[in-house]
There are 2 protein chains.
Amino acid sequence: MARAGLTTERVTLAAADLADEVGFEGVAVSAVARIFGVKDASLYSHIKGVQDLRARVAVLALAELADQVAAALAGRAGKDALVAFANAYRAYAKEHPGRYTATQMQLEPEVAAASAAGRHAAMTRAMLRGYDLAEPDQTDAVRLLHSAFHGYVLLERTGGFQHTPRTADASWARTLDALDAVLNNWPPV
Amino acid sequence: MARAGLTTERVTLAAADLADEVGFEGVAVSAVARIFGVKDASLYSHIKGVQDLRARVAVLALAELADQVAAALAGRAGKDALVAFANAYRAYAKEHPGRYTATQMQLEPEVAAASAAGRHAAMTRAMLRGYDLAEPDQTDAVRLLHSAFHGYVLLERTGGFQHTPRTADASWARTLDALDAVLNNWPPV
DNA sequence: TCGAAGTGCCTAATATAATTAGGCAAAAGA
DNA sequence: TCTTTTGCCTAATTATATTAGGCACTTCGA
């Protein structure tokens with residue numbers, strides 16, 4: 001029999017693609033094994049189990065997302081950077097729904113620390129350099145931005161914005177205007 | 001044999017409590033059956049299946065959340081109302097992690113329409129009356145607020161805020177200050 | 001080039017979960 | 001009391017996760 005050529009990376013990648021196709025809940029050991037034309041048990045030499053497989057997809061997605069955002073951010077500053085960051089973030093979530101869902105996983109502390117999660121915060125801070133914010137306001141602003149982006153993307157997906165004629169794109173643009181405005185005019189304590 | 005006295009409501013409530021205890025993924029027909037000391041198959045007279053059970057938990061949670069927020073909002077206006085709304089929202093998410101997760105479910109259109117999801121938007125609009133926003137800015141503001149609250153609560157839960165000494169509570173308070181500021185100073189087109 | 005070691009995928013077995021079909025007994029109504 | 005309905009059960013099927021142990025292919029040293 002020809003070997004399937006399984007690797008932890010290849011398995012993870014297949015799982016990530018599967019997640020984007022059928023949703024993150026659909027990421028099962030058996031489903032991935034089916035893709036490779038291999039028995040379920042064969043995957044256990046490469047991954048510890050479903051939880052491990054899913055966590056790997058999460059780590060992959062976090063890294064990809066950080067890459068996309070970093071690329072979009074290159075050479076921009078101020079509102080330009082804010083918009084680029086936000087659009088790259090939202091675009092990734094739309095193109096890779098399953099992967100994006102994976103990023104919501106509760107990762108083990110060590111795994112999370114080793115992941116690209118830290119890069120997000122660093123990039124957001126870099127982006128904020130165009131605004132005049134000292135600590136701890138900067139940290140608070142990072143959290144507000146991240147929350148707004150994350151929340152928007154999720155609500156848009158679950159259809160929370162469908163009961164009004166206003167398009168999600170239009171509100172998104174204005175939301176970025178609003179966030180830019182607060183960053184330029186951060187309330188004093 | 002004494003009957004367990006199963007009811008769709010009782011089953012849903014048990015599932016909701018279970019969700020808060022072990023997480024929404026842990027809501028299984030078998031687990032709920034175990035709670036009632038009943039066979040799995042017995043639950044199928046009351047619910048259509050796991051998906052149906054989970055959707056019911058989602059609808060319950062949406063209603064409870066709307067109630068909590070409505071109560072907190074009563075008699076308040078302006079920033080006072082904003083803070084009350086936000087705190088009630090976040091408190092519910094913290095006290096009922098499983099139920100809150102359930103609210104993220106993709107509900108069938110008809111179910112979603114019949115649920116309390118609409119009440120949220122209505123309440124948010126009511127809260128915004130203290131600010132001077134015309135359409136479509138009002139809709140955009142509702143979306144920003146909802147996104148920020150939802151995103152904040154989720155990121156806080158997955159531990160996204162743990163890499164900095166700044167507490168989640170402190171940033172939350174400042175985030176509300178910032179949101180109040182934008183609402184008072186919504187950027188012109 | 002041959003043989004030892006390691007690796008890759010398989011078979012087999014077990015446990016948990018979801019779901020359907022059909023049955024018996026308890027509760028409710030005439 | 002008799003009948004109907006309803007509630008929970010048994011039994012069977014299917015899918016998934018996971019572990020243990022085996023055989024064959026690959027690779028690498030001698």
Side-chain angles (χ1 to χ4, degrees), chain A residues 1-60 98-99 101-102 104-108 111, chain B residues 1-60 98-99 101-102 104-108 111:
Chain A
M1 314 257 190
R3 299 199 172 178
L6 298 183
T7 298
T8 305
E9 280 75 37
R10 262 194 277 263
V11 169
T12 303
L13 209 39
D17 290 344
L18 179 66
D20 284 338
E21 280 172 42
V22 305
F24 190 59
E25 336 68 55
V27 174
V29 174
S30 53
V32 176
R34 225 171 282 135
I35 290 174
F36 284 103
V38 134
K39 297 294 175 179
D40 299 10
S42 305
L43 293 184
Y44 285 82
S45 327
H46 306 282
I47 54 166
K48 291 202 189 79
V50 228
Q51 287 314 309
D52 177 56
L53 176 61
R54 290 183 175 172
R56 284 175 191 280
V57 172
V59 170
L60 170 72
R99 280 165 155 94
T101 301
Q104 290 181 73
M105 266 197 67
Q106 185 94 40
L107 292 176
E108 314 231 340
V111 181
Chain B
M1 313 259 191
R3 299 201 173 178
L6 298 184
T7 298
T8 303
E9 281 75 39
R10 262 193 277 263
V11 169
T12 302
L13 209 40
D17 290 344
L18 178 67
D20 284 338
E21 279 173 42
V22 304
F24 190 58
E25 336 69 54
V27 174
V29 175
S30 53
V32 177
R34 226 170 282 135
I35 290 174
F36 284 103
V38 134
K39 296 295 176 180
D40 299 9
S42 305
L43 293 184
Y44 286 83
S45 328
H46 306 281
I47 55 166
K48 291 202 188 78
V50 227
Q51 287 315 310
D52 178 56
L53 175 61
R54 290 184 175 171
R56 284 175 191 281
V57 173
V59 170
L60 170 71
R99 281 166 155 93
T101 300
Q104 291 181 71
M105 265 197 69
Q106 185 93 41
L107 291 176
E108 313 231 339
V111 181

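Lettering follows sequence order; numbering is per chain, from 1. Worth knowing before you read on, the calculation uses all heavy atoms, side chains too, and leaves out hydrogens, waters and symmetry mates.
- The two residues A58(B) and A102(B) come nearest to each other via the heavy atoms CB-O, 3.3 Å.
- For DNA chain C, the neighbouring residues in residues 42-56 of chain B, judged by any heavy atom under 4.0 Å, are Y44(B), G49(B), V50(B).
- A heavy-atom distance below 4.0 Å to DNA chain D is reached by these residues of residues 12-34 of chain A, ordered by number: A28(A), V29(A), S30(A), R34(A).
- In this structure A41(B) satisfies the side-chain contact (heavy atoms from CB on, under 4.5 Å) test with no other residue, sequence neighbours excluded.
- Evaluation of the salt bridge (Lys or Arg N to Asp or Glu O under 4.0 Å) test over residues 35-46 of chain A, restricted to residues two or more places apart or in two chains, returns none.
- The one candidate from I47(B), V50(B), V11(B), V38(B) that meets the side-chain contact (heavy atoms from CB on, under 4.5 Å) condition with V32(B) is V11(B).
- For the atom pair OG1 (T101(B)) and CD (Q104(A)), the distance works out to 9.5 Å, reported to the nearest 0.5 Å.
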Could you go through nucleotides 11-14 of chain D and list every protein N or O atom that sits under 3.5 Å from one of its N or O atoms, giving the distance for each pair?
none

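- Residues meeting the side-chain contact (heavy atoms from CB on, under 4.5 Å) test with A55(B), sequence neighbours left out: M105(B), L107(B).
- Remark: P of dC10(C) and CG of D40(A) are 10 Å apart, rounded to the nearest angstrom.
- Scanning for side-chain contact (heavy atoms from CB on, under 4.5 Å) contacts around E9(A) gives T7(A), with sequence neighbours left out.
- dT11(C) atom P lies 5 Å from atom NZ of K39(A), rounded to whole Å.
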Name the atoms and distances for all side-chain donor-acceptor pairs under 3.5 Å in residues 12-27 of chain A, with sequence neighbours left out.
| from | atom 1 | to | atom 2 | distance (Å) |
| --- | --- | --- | --- | --- |
| T12(A) | OG1 | T8(A) | O | 2.7 |
| D17(A) | OD1 | R99(A) | NH1 | 3.0 |
| D17(A) | OD1 | R99(A) | NH2 | 3.3 |
| D20(A) | OD1 | G98(A) | N | 2.9 |
| D20(A) | OD1 | R99(A) | N | 2.9 |
| D20(A) | OD2 | H96(A) | ND1 | 2.9 |
| D20(A) | OD2 | R99(A) | NH1 | 2.7 |

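- Sorted by first and then second residue, the salt bridge (Lys or Arg N to Asp or Glu O under 4.0 Å) pairs with a member in residues 44-58 of chain B read D52(B)-R56(B); sequence neighbours excluded.
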